[in-house]
A.B. asks: 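I'd like to ask some things about the structure below.
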There are 2 protein chains.
Amino acid sequence: MQEHDLGIVSPRIERFEEPLHFTGGGSLPTYELVYETYGELNSSASNALLICHALSGHHHAAGYHSETDRKPGWWNACIGPGKPIDTRRFFVVSLNNLGGCHGSTGPASENPQTGEVFGPEFPQPQVDDWVDAQARLADRLGIHCWAAVVGGSLGGMQAMAWSLRYPERLRHCVVIAAAMKLSAQNIAFNEIARRAIMSDPGYAGGYYLREGKQPTQGLALARMVGHITYLSDDAMASRFGRELQPGSEDDTADGAPQFQIESYLRYQGQQFSSVFDANSYVLMTRALDLFDLAAAYGGDAVAAFAKASCDYLVLSFSTDWRFSPARSREIVDALLAAERPVSYAEIKADEGHDAFLLPIPRYLAVLDAYLKRVEV
Amino acid sequence: MQEHDLGIVSPRIERFEEPLHFTGGGSLPTYELVYETYGELNSSASNALLICHALSGHHHAAGYHSETDRKPGWWNACIGPGKPIDTRRFFVVSLNNLGGCHGSTGPASENPQTGEVFGPEFPQPQVDDWVDAQARLADRLGIHCWAAVVGGSLGGMQAMAWSLRYPERLRHCVVIAAAMKLSAQNIAFNEIARRAIMSDPGYAGGYYLREGKQPTQGLALARMVGHITYLSDDAMASRFGRELQPGSEDDTADGAPQFQIESYLRYQGQQFSSVFDANSYVLMTRALDLFDLAAAYGGDAVAAFAKASCDYLVLSFSTDWRFSPARSREIVDALLAAERPVSYAEIKADEGHDAFLLPIPRYLAVLDAYLKRVEV
């Protein structure tokens, strides 16, 4: 642990008994949300900041779960005392979204109506549904209006959706490495990930838990596809180049020479498949595909943002080709046309989409400067 | 068939009894090459032009195999009477490479030493091995020196390898949408394709033919990965956008909404898996990964090209992100530094890497102008 780290943090669970109806059909009669908080809520509840997680994220955004924890939360670079999301000023709330696999109700949870695991019968959540669930958590915590809602990638989509769905409930919206909707190419990569999972015999039509199976290979492959698209070509080149892996743990046993990038991807894929739920991955990628900020406004993003009332910070990274700076500029253009206050920075970074998770000095400085201006 | 098409063409087979030793180890004691020729070899055999195919290509580059054939050869846009590769001037030779699955000896052929199908025991060919086999075919056809060796993508790698391996046996080298070596990102995509194939239980360690299986899903997935990377983001956007597919042939039966790009990719993947051999796909992608033009010259491409003696035409396409214009410019820079005559054009095209197969007017015009200057 470092000086500016939060130390030990603990997750909490809130249980909700009122049903949540999903945008695309289906509902949850009851559900639980797991979340963490960092810092103290002030007496007027005006200093609350919501973190929305991305595809494979979860509630554990900062700090450590135990003294022996080797790795802190996924956004520890940004959250903590004296960090851009400064826990001396903000009361930070970070939850695991519905449909996830880290403690909130998801496909691996028991369906109270059948007594069986949901599996593939878990209803498909969309970004608006997550925002609704987050709003109920805010109610429960006594937070009427967030000082800021902050998210990267799929989390940035949630932040934007907040500003349209509950415009009076946030004052600042921080949208990092996101887009108003996915491109066909993005959808195509997600479809390949889903195909990889679903065509693994271990998937068993999504009933792998009931049948005592696991689509390990398919989920690993899905993660490998994702991983390539999160890294820039340059980042891969400088990290791996074309170096061959000597005496590697090649599990194909096909005797073929192996490049370091191959064994790295395999390792990452295998690791991921041991900790993530395949049905959750399918649901999360579908939610990404289905997000279309302006769809309910006839495709007019300016009309959509016209109903917002918060200030915006939009950030992008120069080598991000999954959610390129051009996609962020579309957001900025729509916000300007809708006469919303918006700050924008494109951060020069070699790391591609992954950059939003990394401690890149200019990125942290821009975020820090913006959030310092947020009154609490 | 159109006015400038070749009409009916027929493949021929040459059998070779002298062993071919592969660069990376292994050898074929005997082998067959299937090929087609278009046009007439002149009396001095000075008008021969070799076509080298890419990853999933084959010998049938132009014309039709029967009156009822619906589709011509894969490069019919470029090859024929009056086309850039003008069969009134050139004697065009197009073969299927060793390790392929369209008639030349490959993993689905019988291993004469065991009487069984080669399967995964087929030795790994590299680009230089293909060039050696092509040189033997040239000998057989009485061609000492090609007027030009022409190839796109993996075919462009073969064309470059010809100019280093047999510098006195070609006068012109046409390198389209290629690179001197793959980037880590390219290797990563190929690795995902191989993983998809090998983790399909139908692959059976490569012995699927002996066991009466097929890694259909894995090969389809591999092709889907490839397909995304051959198309540009813009091409996908203009072709598919985010349109939903009404009443689609969704074979997941998971009831999820489906975008047109998803069903398109699935269809392409399924089609491909019904006509291509999985072990061939593994071998071809490995050959791509292993190609490194300058490796034998201490990584110095200028030193490599210094031993060449032909003229070069290098072409790239503006939206090709798998073999980007930057990779082509590296080739051009090395050729200039090696004082080789080189022409270069970057063709503006929306179609990504796929552009090299398409009848893009400026592309055909540049190729036509260059080849008209080739003396025969």
Side-chain angles (χ1 to χ4, degrees), chain A residues 24 120 124 181-192 194-196 198-201 205-206 216-218 220-221 224-225 227-228 231-243 252-266 269 282 286 289-290 292 295 321 324, chain B residues 24 120 124 181-192 194-196 198-201 205-206 216-218 220-221 224-225 227-228 231-243 252-266 269 282 286 289-290 292 295 321 324:
Chain A
Q124 173 67 52
K181 60 185 177 190
L182 291 197
S183 69
Q185 189 188 69
N186 269 312
I187 293 172
F189 279 120
N190 284 339
E191 168 63 5
I192 285 178
R194 288 188 293 268
R195 286 278 91 193
M198 291 179 172
S199 64
D200 185 324
T216 311
Q217 299 264 29
L221 202 53
M224 287 167 70
V225 173
H227 213 87
I228 293 187
L231 295 177
S232 70
D233 197 1
D234 285 348
M236 277 200 172
S238 62
R239 204 155 150 194
F240 304 104
R242 294 175 46 85
E243 296 306 306
T252 66
D254 67 352
Q258 197 185 17
F259 294 96
Q260 283 180 7
I261 180 65
E262 299 178 55
S263 56
Y264 170 78
L265 282 179
R266 284 186 202 178
V282 169
R286 280 251 180 244
D289 291 0
L290 292 169
D292 188 348
W321 59 279
S324 70
Chain B
Q124 173 68 52
K181 59 186 177 189
L182 291 197
S183 68
Q185 189 188 70
N186 269 313
I187 294 171
F189 279 120
N190 285 338
E191 168 63 5
I192 285 180
R194 289 188 293 268
R195 286 277 91 192
M198 291 178 171
S199 64
D200 186 325
T216 311
Q217 298 264 27
L221 202 53
M224 287 167 69
V225 173
H227 212 87
I228 294 187
L231 294 178
S232 70
D233 197 0
D234 285 348
M236 276 200 174
S238 62
R239 205 154 148 195
F240 305 104
R242 294 175 46 86
E243 297 304 307
T252 65
D254 66 353
Q258 198 185 17
F259 293 96
Q260 284 182 4
I261 179 66
E262 300 179 54
S263 56
Y264 170 79
L265 282 177
R266 284 187 202 177
V282 169
R286 280 252 180 243
D289 291 359
L290 292 168
D292 188 347
W321 60 278
S324 71

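Protein chains get the first letters and strands the later ones, always in sequence-line order, with residue 1 at the start of each.
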A.B. asks: Which region of A/A188, side chain (C-beta onward) or backbone (N, CA, C, O), has a non-hydrogen atom less than 4.5 Å from a non-hydrogen atom of chain B, or is it both or neither?
C.D. replies: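 Backbone plus side chain of A/A188, per the 4.5 Å heavy-atom cut-off to chain B.
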A.B. asks: Is there side-chain contact between A/E262 and B/R195, with heavy atoms separated by less than 4.5 Å?
C.D. replies: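 Not touching, per the 4.5 Å side-chain cut-off.
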A.B. asks: Go through the atoms of A/P120 and report whether side chain, backbone, both or neither lie under 4.5 Å from a heavy atom of chain B.
C.D. replies: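 The answer is neither part of A/P120.
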A.B. asks: Among B/A235, B/G24, B/S183, which residue has the highest count of heavy-atom pairs closer than 4.5 Å to chain A?
C.D. replies: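 Result: the option with the highest number of such pairs is B/S183.
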A.B. asks: Can you find a pair of side-chain heavy atoms, one from A/F240 and one from B/Q185, that are under 4.5 Å apart?
C.D. replies: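 In short, these two side chains do not touch, never coming nearer than 4.5 Å.
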A.B. asks: Checking B/Y264 against chain A: side chain, backbone, both or neither under 4.5 Å from a heavy atom?
C.D. replies: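 The answer is neither part of B/Y264.
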A.B. asks: Give me the atom names and distance for the closest heavy-atom approach of A/G241 to B/A184.
C.D. replies: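 So the minimum-distance heavy-atom pair works out to O-CB, 3.4 Å.
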A.B. asks: Quick one: what part of A/R239 sits under 4.5 Å from any heavy atom of chain B, side chain, backbone, both or neither?
C.D. replies: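 Contact with chain B: none, neither part.
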A.B. asks: Report which part of B/L231 has an atom under 4.5 Å of a heavy atom belonging to chain A: side chain, backbone, both, or neither.
C.D. replies: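 For B/L231, the contact with chain A is made by the backbone alone.
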A.B. asks: Applying side chain to side chain contact (heavy atoms under 4.5 Å, CB included) to A/D200 and B/S199, what does each step give before you reach the verdict?
C.D. replies: CA-CA 8 Å; A/D200 185 324; B/S199 64; over 6 Å; no
A.B. asks: Between atom CZ of B/R266 and atom CD1 of A/I192, what is the distance when rounded to the nearest 0.5 Å?
C.D. replies: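 If we round to the nearest 0.5 Å, B/R266:CZ and A/I192:CD1 are 11.0 Å apart.
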A.B. asks: Begin from the C-alpha positions of B/L221 and A/L221 and carry the test side chain to side chain contact (heavy atoms under 4.5 Å, CB included) through to its verdict.
C.D. replies: CA-CA 10 Å; B/L221 202 53; A/L221 202 53; 3.8 Å; yes
A.B. asks: For the residue pair A/I187 and B/I261, what are the closest heavy atoms and their distance?
C.D. replies: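 Taking A/I187 first and B/I261 second, the nearest heavy atoms are CG2-CG2, 3.7 Å.
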A.B. asks: With only heavy atoms counted, which part of A/L265 is less than 4.5 Å from chain B, the side chain, the backbone, both or neither?
C.D. replies: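 Looking at A/L265, just its side chain touches chain B.
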A.B. asks: Is there a donor-acceptor pair under 3.5 Å between the side chain of A/R242 and the backbone N or O of B/L182?
C.D. replies: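 Side chain of A/R242 to backbone of B/L182: a pair is present.
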A.B. asks: Using a cut-off of under 4.5 Å on heavy-atom pairs, state which of A/Q260, A/R194, A/E243, A/M224 scores highest against chain B.
C.D. replies: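 Among A/Q260, A/R194, A/E243, A/M224, the one with the most close pairs to chain B is A/M224.
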A.B. asks: With only heavy atoms counted, which part of A/D289 is less than 4.5 Å from chain B, the side chain, the backbone, both or neither?
C.D. replies: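 Backbone plus side chain of A/D289, per the 4.5 Å heavy-atom cut-off to chain B.
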A.B. asks: Is there a side-chain contact between B/F259 and A/L290 (heavy atoms, below 4.5 Å)?
C.D. replies: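 Sidechains of A/L290 and B/F259: in contact.
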A.B. asks: Relative to chain B, which of A/G206, A/P201, A/A237 shows the most heavy atom pairs under 4.5 Å?
C.D. replies: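 Winner by heavy-atom pair count: A/P201.
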A.B. asks: If the plane angle is over 60° it's perpendicular, under 30° parallel, otherwise tilted; pick one for A/F189 and B/F189.
C.D. replies: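 Correct class here is parallel.
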A.B. asks: Give, for atom CE of A/M198 and atom CD of B/Q217, the distance between the pair rounded to the nearest 0.5 Å.
C.D. replies: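 The distance works out to 11.5 Å.
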